[in-house]
Each structure stands twice: as structure tokens, then as C-alpha cells.
Amino acid sequence: QVQLVESGGGLVQAGGSLRLSCAASGRTFSSYVMGWFRQAPGKERECVAAIRSSGGSTYYKDSVKGRFTISRDNAKNTAYLQMNSLKPEDTAVYFCAARASSTIFTGRDGYSYWGQGTQVTVSS
């Protein structure tokens, strides 16, 4: 069992930055692929970034490439999502998720463990 807790969300103006953190407890964090998802009102939950257990391979949704950076610190059992140049369309609840596999997967059904979510609101 893995417990995930996100933090770092908030209200920011367009063009600003936020850094989300996902603290994990439970089983060995370093063996999990970590993903960041977001869900805006009335929309499907979508994967915006994912990172392999070793941190050597990453995935980004096209709309966030060059603006978001996913990383992890296995010694601290924490994953991060650095979000720069934020846009109003980035407004959503952001969730971190853990996948017990070595391969990156972008579908939500590939992840077994989820945090409670943190709200990110970008004002224009």
C-alpha cells in the first residue's frame, strides 16, 4: 500500500509558477512510476507528466512541454511538478499517482494509488 499526499497548489496569475510536491509513504517509493494528472470541471482526468522509477525517462502532455518539469527524489520519497509560465487553461485539481511498474503509462487506470488532489487556479 502506498499513501500519497500532494501539496503546493494555490492561486497564481498567468505567467507565474508553482511547484507541486507529492510525498509518499508505505512501500518502496523508488520502485513506482509516478504520474501527475489534472482534472478540470466537466473534463476527463488527464496525465500531464510521468516519470520512471529511476527518473531516467519522462513523459509530458504536449500542451505542457517546455513549461512543466517532473522530477523525483527517491531518498525523500517525493515527486515534484514544477509548473512555469502558467496559463488559465492549466486551472484544475492536480493529482499525483503511483504505478507499480517500470513502464510509463498515461491512462488513469494504470495507476493504483492516488493522492487527494490539490487545486491550482491560474487567473488571467
Side-chain angles (χ1 to χ4, degrees):
Q1 193 78 352
V2 176
Q3 293 79 42
L4 304 174
V5 178
E6 303 98 335
S7 61
L11 173 63
V12 64
Q13 288 188 332
S17 298
L18 284 174
R19 188 195 197 200
L20 305 184
S21 298
C22 174
S25 61
R27 295 181 125 183
T28 306
F29 173 77
S30 60
S31 66
Y32 286 82
V33 166
M34 297 300 297
W36 282 99
F37 289 72
R38 67 185 181 189
Q39 187 166 18
K43 294 189 176 182
E44 294 289 320
R45 191 172 298 188
E46 60 181 6
C47 182
V48 296
I51 187 167
R52 288 189 65 180
S53 54
S54 64
S57 179
T58 57
Y59 158 84
Y60 294 98
K61 181 179 174 60
D62 283 347
S63 61
V64 308
K65 284 181 180 177
R67 300 189 298 121
F68 290 12
T69 302
I70 189 171
S71 61
R72 64 191 297 160
D73 186 336
N74 288 340
K76 295 183 178 180
N77 282 8
T78 304
Y80 305 96
L81 186 67
Q82 177 67 45
M83 304 185 296
N84 299 329
S85 302
L86 282 161
K87 304 175 181 180
E89 51 262 45
D90 295 318
T91 295
V93 178
Y94 283 72
F95 300 87
C96 70
R99 166 175 166 79
S101 172
S102 62
T103 57
I104 287 179
F105 187 72
T106 60
R108 61 179 295 181
D109 57 353
Y111 291 78
S112 301
Y113 306 102
W114 292 83
Q116 82 288 350
T118 185
Q119 177 69 47
V120 171
T121 302
V122 185
S123 63
S124 56

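Owing to the predicted nature of the structure, the values given are computational and were not obtained by experimental measurement.
Of all heavy-atom pairs spanning A49 and L81, the tightest one is CB-CD1, 4.0 Å. The shortest heavy-atom contact between Y32 and T28 is CD1-O, 3.1 Å. Summarising the geometry of T58 relative to I51, their closest heavy-atom pair is CG2-CG1, 3.8 Å, with the distance given to 0.1 Å. Here the closest non-hydrogen pair linking F29 and N74 is CE2-OD1, 3.1 Å. Nearest heavy-atom pair, S53 versus S30, reported as atom, atom and distance to 0.1 Å: CB-O, 2.9 Å. Contact detail for V122 and T91: the closest heavy-atom pair is N-OG1, 2.9 Å.
In this structure, the side chains of F68 and K61 stay at 4.5 Å or more apart for every pair of heavy atoms. At a threshold of 4.5 Å between non-hydrogen side-chain atoms, the residues M34 and L4 count as touching.
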I'd like a table of donor-acceptor pairs (distance under 3.5 Å, sequence neighbours excluded) in which one partner is a side-chain atom from residues 11-24, with atom names and distances.
| residue | atom | partner | partner atom | Å |
| --- | --- | --- | --- | --- |
| S17 | OG | N84 | OD1 | 2.9 |

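Under the side chain to side chain donor-acceptor pair (under 3.5 Å) criterion, S7 pairs with no residue at all, not counting sequence neighbours. The side chain to side chain contact (heavy atoms under 4.5 Å, CB included) check on R108 picks up F37, R45, W114, with sequence neighbours excluded. Shown here are the side chain to side chain contact (heavy atoms under 4.5 Å, CB included) partners of Q116, two or more places apart in sequence or in another chain: V5, E6. The side chain to side chain contact (heavy atoms under 4.5 Å, CB included) check on S102 picks up R52, with sequence neighbours excluded.
Rounding to the nearest 0.5 angstrom, the gap separating the CH2 atom in W36 from the CD atom in E46 is 14.5 Å. Here the CD atom belonging to Q3 is positioned 11.0 Å from the CG atom belonging to N77, to the nearest 0.5 angstrom.
With hydrophobic clusters built from ILVMFWY side chains whose heavy atoms lie under 4.5 angstrom apart, I70 shares a cluster with Y94. By the criterion of side-chain heavy atoms lying less than 4.5 angstrom apart, applied directly or through intervening Ile, Leu, Val, Met, Phe, Trp or Tyr residues, Y80 is not grouped with V48; the two fall into different hydrophobic clusters. Note on V120: it clusters hydrophobically with Y60, by side-chain heavy-atom contacts below 4.5 Å among ILVMFWY residues.
Listed by first and then second residue, the salt bridge (Lys or Arg N to Asp or Glu O under 4.0 Å) pairs involving residues 66-88 are R67-D90 (not counting sequence neighbours).
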_Worked verdict on Y111 versus R99 for side chain to side chain donor-acceptor pair (under 3.5 Å)_ = CA-CA 4 Å; Y111 291 78; R99 166 175 166 79; 5.4 Å; no

